[in-house]
Amino acid sequence: MAALVLFGGGGDLAMRMLLPSLYFLEHDGLLADGLKIIGAARSDESRDEYVAKVRASVEGKAKADDAWSDEAWSRMEARLDYLAVDATSAESLKPLKDKVGDGACTSFLAVSPSLYARIVTAMRAAGLAEADDRVVLEKPVGRDLETFREIDDAVADAFSEQQVFRIDHYLGKETVQNLIALRFGNTIFEPLWNNLSIDHVQITVGETVGVGDRWPYYDEYGALRDMLQNHMLQLLCLVAMEPPSDLDPDSVRNEKVKVLRSLRPVTHEEAERVTVRGQYVAGTVEGKPAKGYDEERGAASDTETFVAIRADIDNWRWAGVPFFMRTGKRLPEKRTEIVIQFKPLPHSIFDNDRGQVQANRLVIALQPEEDISLSVMNKKPGLDQRMQLQPIQMSLSWGQNDKESRPPRRRIAYERLLLDALNGDSTLFVRRDEAEQAWKWVDEVSDAWEGAAFKPKDYAAGTWGPQEAQYLLSRTGRQWNTGDA
Ligand code: BG6
């Protein structure tokens with residue numbers, strides 16, 4: 001690959017995530033010799049001004065992680081270039097093609113998805129969509145199945161599917177890949193990984209941040225489209241998929257598509273029982289007062305900032321095992337986790353067992369700390385006449401066990417994904433049919449929400465969503481994981 005072009009190279013995503021990721025890859029010697037990194041954006045600035053901006057955004061992060069090196073920076077600086085372009089105009093992209101030269105180019109579209117179709121058309125006309133070139137698309141592609149297809153059809157006119165890398169940054173997270181290792185690199189879990197042993201699965205993505213300045217985008221999407229359509233369904237797929245025959249991009253993605261196809265559609269009649277929509281009102285988050293969503297937006301809105309859904313997967317493995325998902329802004333803590341809740345004992349031999357035997361629980365934590373832990377029952381040490389039990393947490397990842405092999409810092413998810421895109425490995429990227437299936441299911445949910453009954457319910461900032469989110473589980477005799485051991 002001769003060049004990586006960052007469209008929107010001066011924007012928030014590029015400055016906060018992509019360029020720091022590239023610096024870290026540079027620092028670790030993982031970028032190919034000769035790879036140029038070219039920022040392309042509207043702003044009329046010189047290369048030197050751009051380089052200074054990049055340095056300002058990278059240096060603080062790198063120093064905070066103890067990974068700043070003048071030498072690595074000067075290598076990265078030598079790769080950097082900048083060009084002011086109107087990316088929707090083929091004429092304007094020609095000088096960019098000249099900078100790229102004859103080698104292959106990967107273009108990352110870190111711009112508003114509403115521009116994707118026009119940009120890829122211009123790229124094609126300017127010679128930036130040749131057979132060896134690639135394009136990386138940041139989510140959200142479209143707002144529903146129809147708009148996804150409109151954009152993706154334009155992309156498909158310029159690039160073949162093998163050249164298209166649809167990013168879901170959750171797939172770049174270390175623990176998400178560790179889930180694949182845990183499931184398919186061990187024999188002990190797979191025989192239990194089904195409706196005979198598992199009672200239910202929970203996926204929580206809690207955030208303390210509000211929507212803030214992002215509301216012009218967010219208000220059109222809401223939690224369902226911003227988080228559930230992509231990140232959460234991807235996590236669900238990795239938990240629920242059948243073992244692929246190998247780690248080839250298509251083998252893995254074929255299995256994920258099968259899961260998405262097996263998701264039971266949510267009907268209007270069912271929606272009240274299996275979905276919860278919420279919107280935060282003023283409250284307190286992490287000890288500080290927080291405004292309500294409507295106040296931030298400056299007007300009333302019916303967009304949900306919280307969603308909880310019970311998903312059922314209609315296949316042999318998962319029949320009868322609900323997957324509960326919840327995500328929201330302005331929740332009490334930033335916590336992302338997958339909980340595999342095993343079934344309770346069929347019969348307890350502990351005669352003083354007053355609910356002290358807790359069913360095993362595997363918690364795959366992505367944030368704030370990355371760890372995989374299994375709770376198992378243990379004997380409480382001591383000479384009590386009747387055996388006393390207690391749950392203990394066993395760490396199954398490098399999180400607790402092995403401080404030595406712990407990576408020196410937590411990688412940005414984009415590091416893995418940028419590297420894979422540059423190397424042409426699309427295993428951790430979303431294929432077209434996968435995105436289509438996810439949109440199809442999400443469209444059914446949002447269609448089911450038609451009508452006044454589905455207006456988002458208020459929840460105070462700093463709480464775990466509307467009460468109904470608790471009922472979603474409690475009515476089936478279950479409870480959300482509280483995070484307390
Ligand atoms: C983005 C969403 O895709 O993911 C944001 O658009 C959200 O709304 C973010 O805050 C969460 O990512 P992470 O990695 O911080 O969990």
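No experiment lies behind these values; they were computed from the predicted model shown. Whatever order the structure lists them in is the order used to number ligands and atoms, beginning at 1.
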Without placing hydrogens or testing angles, list every side-chain donor-acceptor pair under 3.5 Å for residues 449-458, not counting sequence neighbours.
residue	atom	partner	partner atom	Å
Trp449	NE1	Thr275	OG1	3.0
Lys455	NZ	Asp302	OD1	3.3

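Checking Gln163 against Ser160 by side-chain atom types alone, a donor-acceptor pair falls below 3.5 Å.
Under the rule for a ring pair (Phe, Tyr, Trp, His ring centres under 6.0 Å), the partners of His200 that lie at least two apart in sequence or sit in another chain are Phe324. By the ring pair (Phe, Tyr, Trp, His ring centres under 6.0 Å) test, Phe7 pairs with no residue at all, sequence neighbours left out.
Of the candidates Arg326, Lys329, Arg277, Arg277 is the only one forming a salt bridge (Lys or Arg N to Asp or Glu O under 4.0 Å) with Glu304.
Taking both residues in full, the closest heavy atoms of Ala365 and Thr175 are given as O-CG2, 3.5 Å, listed atom of the first, atom of the second, then distance.
When heavy-atom distances to ligand 1 are checked against 4.0 Å, the residues falling inside are Lys139, His169, Tyr170, Lys173, Glu207, Arg214, Asp226, Met227, His231, Lys329, Lys334, Gln367, ordered by chain and number.
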